[in-house]
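Down below is the structure, laid out as structure tokens.
Computed from heavy atoms alone, side chains included, the values below leave out hydrogens, waters and symmetry copies. The sequence lines fix the lettering, A, B, ..., with proteins before strands; numbering per chain opens at 1. Since the structure is predicted, the reported quantities are computational estimates derived from the model, not experimental observations.
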2 protein chains.
Amino acid sequence: MNNQMDNNSTPKITVLLVDDHPMVQNGLKACLAYYDDIEIIDAINDGSEALKAAMELKPDVILMDVSMPNLNGIDATEILSEQLPNTKVLIFSMHDSPEFVSSAVQAGASGYVLKDTSSEEVYYAITAVAKGNTHFSGSIAKMLIENPIQPEKNKLTTREQVILSYIAQGFSSKEVAQKLSISFRTVEAHRRNIKSKLRLESFADLVRYAINHGLVEEA
Amino acid sequence: MNNQMDNNSTPKITVLLVDDHPMVQNGLKACLAYYDDIEIIDAINDGSEALKAAMELKPDVILMDVSMPNLNGIDATEILSEQLPNTKVLIFSMHDSPEFVSSAVQAGASGYVLKDTSSEEVYYAITAVAKGNTHFSGSIAKMLIENPIQPEKNKLTTREQVILSYIAQGFSSKEVAQKLSISFRTVEAHRRNIKSKLRLESFADLVRYAINHGLVEEA
DNA sequence: AAATGCCTAGGTATATATACCTAGGCAAAT
DNA sequence: ATTTGCCTAGGTATATATACCTAGGCATTT
């Protein structure tokens with residue numbers, strides 16, 4: 001830890017933490033407190049609250065979790081990258097699936113670090129994205145190379161999100177069709193498109209995706 | 001931090017952290033470092049590894065997460081409460097569903113705190129269970145009163161948990177049958193029993209239950 | 001005007017899951 | 001020794017999901 005910093009010359013990098021687990025927040029605060037060229041200006045535990053805080057505080061970097069109440073980190077990133085182009089988003093997630101990473105990059109994230117990375121790497125990643133660079137954890141970078149991003153491919157339409165939500169809640173295609181007053185063949189077509197877009201294989205994958213993306217409550 | 005402790009007079013409460021999120025571990029370490037009557041002797045991120053460590057270190061208290069690779073916290077607690085009766089298990093989870101809490105208590109946990117509780121309460125809970133008392137977060141205690149434990153009702157057998165885990169991962173009954181070298185009719189029978197026991201209706205309910213109970217990773 | 005993307009929906013066939021039923025082997029508990 | 005619970009598994013039937021195919025209406029974009 002290098003606490004020997006010249007506070008007057010270089011302005012600190014302002015960081016907004018967004019994570020719905022208090023203990024993760026505490027861990028990050030504790031780990032990053034040693035570095036005096038970055039300053040955590042606030043910690044939020046909710047996606048939509050994070051948007052408000054970001055608009056007001058205009059931080060240099062947002063360290064953003066993915067799974068959160070109200071608004072997931074990917075969608076929040078997409079909004080932020082339009083509204084606040086000078087604020088860099090660094091995704092901080094425990095998920096390392098290709099869809100997640102691709103979505104994050106397309107949404108405008110400047111980096112992606114896993115929750116099992118060291119605090120030194122998180123610090124390094126924050127400084128990197130603050131400078132306008134990118135930083136991806138080793139396994140993520142490898143994945144981006146092996147699994148190149150296909151732009152706009154894995155993004156669900158509103159209709160698809162609605163249908164996926166019902167499906168993940170346990171309704172059959174027939175039931176969803178009744179609710180939406182459309183043919184169950186149409187619902188099936190949407191199911192196919194959803195699985196194809198997201199490269200998901202099974203019903204269980206659909207449910208897990210829906211949970212991870214906040215389309216359905218976990219309980 | 002006030003590490004000014006008289007090491008000779010009062011022995012420290014030895015604590016083993018078990019949580020698969022490094023940042024949660026970091027957060028706990030940072031928060032608990034201020035209290036010099038407890039000492040974190042190790043931090044493990046895997047259920048079965050936690051068992052080994054506990055057998056060797058014989059800590060006073062284990063702060064145990066529920067969802068973990070290889071062996072979930074509830075099952076680990078059950079084994080530990082038999083093997084190491086002097087080691088108290090304090091569940092540290094973000095899940096507050098009645099089934100979770102009931103399972104934890106029946107497995108022999110001495111307390112249950114949610115991940116959004118303050119570090120002071122976590123500290124207090126550790127000292128409480130170390131003394132042989134119990135400690136439950138307010139909402140958990142309330143739930144235990146409103147939702148009294150129904151012994152042995154909603155408990156899956158080991159076999160059922162294994163099968164549910166595979167199913168929630170997206171394997172079909174046929175695939176599970178191949179993996180376990182049993183008939184797919186048997187797998188189907190287990191599916192029926194699981195849904196009946198847990199009063200679940202749909203495939204999606206099974207997946208959500210598995211996720212909420214740590215039988216399968218979310219991603 | 002033409003193209004694109006989205007929502008819609010049907011034909012046909014197969015795969016998988018579910019709902020009933022019955023039932024034997026086996027270990028632990030009583 | 002009997003009971004109990006668990007794991008096993010088959011018969012039969014239906015319901016649902018999936019995998020191929022095609023295709024029209026409609027709004028937005030180019």
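- Among the heavy atoms of the strands lying under 4.0 Å from R185(A) is at least one base atom, whether or not backbone atoms are also near.
- Residues K52(A) and D46(A) are not paired through a salt bridge, judged by the lack of any N-O separation under 4.0 Å between the basic side chain and the carboxylate.
- Looking at which nucleotide of DNA chain C each of F184(B) and E160(A) is closest to, the 5′-most match is held by E160(A).
- Within residues 173-183 of chain B, the residues approached by DNA chain C to less than 4.0 Å at the level of any non-hydrogen atom are S173(B), K174(B), in residue-number order.
- Using modelled atom types, one finds a donor on one side chain and an acceptor on the other under 3.5 Å when comparing D205(A) with S202(A).
- Nucleotides of DNA chain C that come within less than 4.0 Å of any heavy atom of chain B span, from the 5' end to the 3' end, dT16(C) to dC21(C).
- Here the side chains of L80(B) and I62(B) are in contact, with some heavy-atom distance below 4.5 Å.
- In this structure, CG on L180(B) lies 12.0 Å from CD on E175(B), to the nearest 0.5 angstrom.
- At the heavy-atom level, R192(A) lies under 4.0 Å from base atoms of the strands shown.
- Salt bridge annotation for K115(A)-D19(A): present, with a cationic side-chain nitrogen under 4.0 angstrom from a carboxylate oxygen.
- Heavy-atom neighbours of Q161(A) CD from other residues, nucleotides or ligands within 6.0 Å: above the threshold of 12.
- For the helix from dA1(C)-dT30(D) to dT30(C)-dA1(D), the terminal axes (five pairs an end, C1' atoms, rotation from four pairs onto the next four) enclose an angle of 40°, given to 10 degrees.
- Nucleic acid contact class of T186(B) (heavy atoms, under 4.0 Å, all strands): base.
- Considering only residues two or more places apart in sequence or on other chains, S81(B) meets the side-chain hydrogen bond (donor to acceptor under 3.5 Å, both in side chains) condition with none of them.
- The salt bridge (Lys or Arg N to Asp or Glu O under 4.0 Å) check on R185(A) picks up E188(A), with sequence neighbours excluded.
- For the salt bridge (Lys or Arg N to Asp or Glu O under 4.0 Å) test, no residue two or more places apart in sequence or in another chain qualifies with K195(B).
- Between F203(A) and F203(B), the two ring planes are parallel [angle under 30°; tilted spans 30° to 60°].
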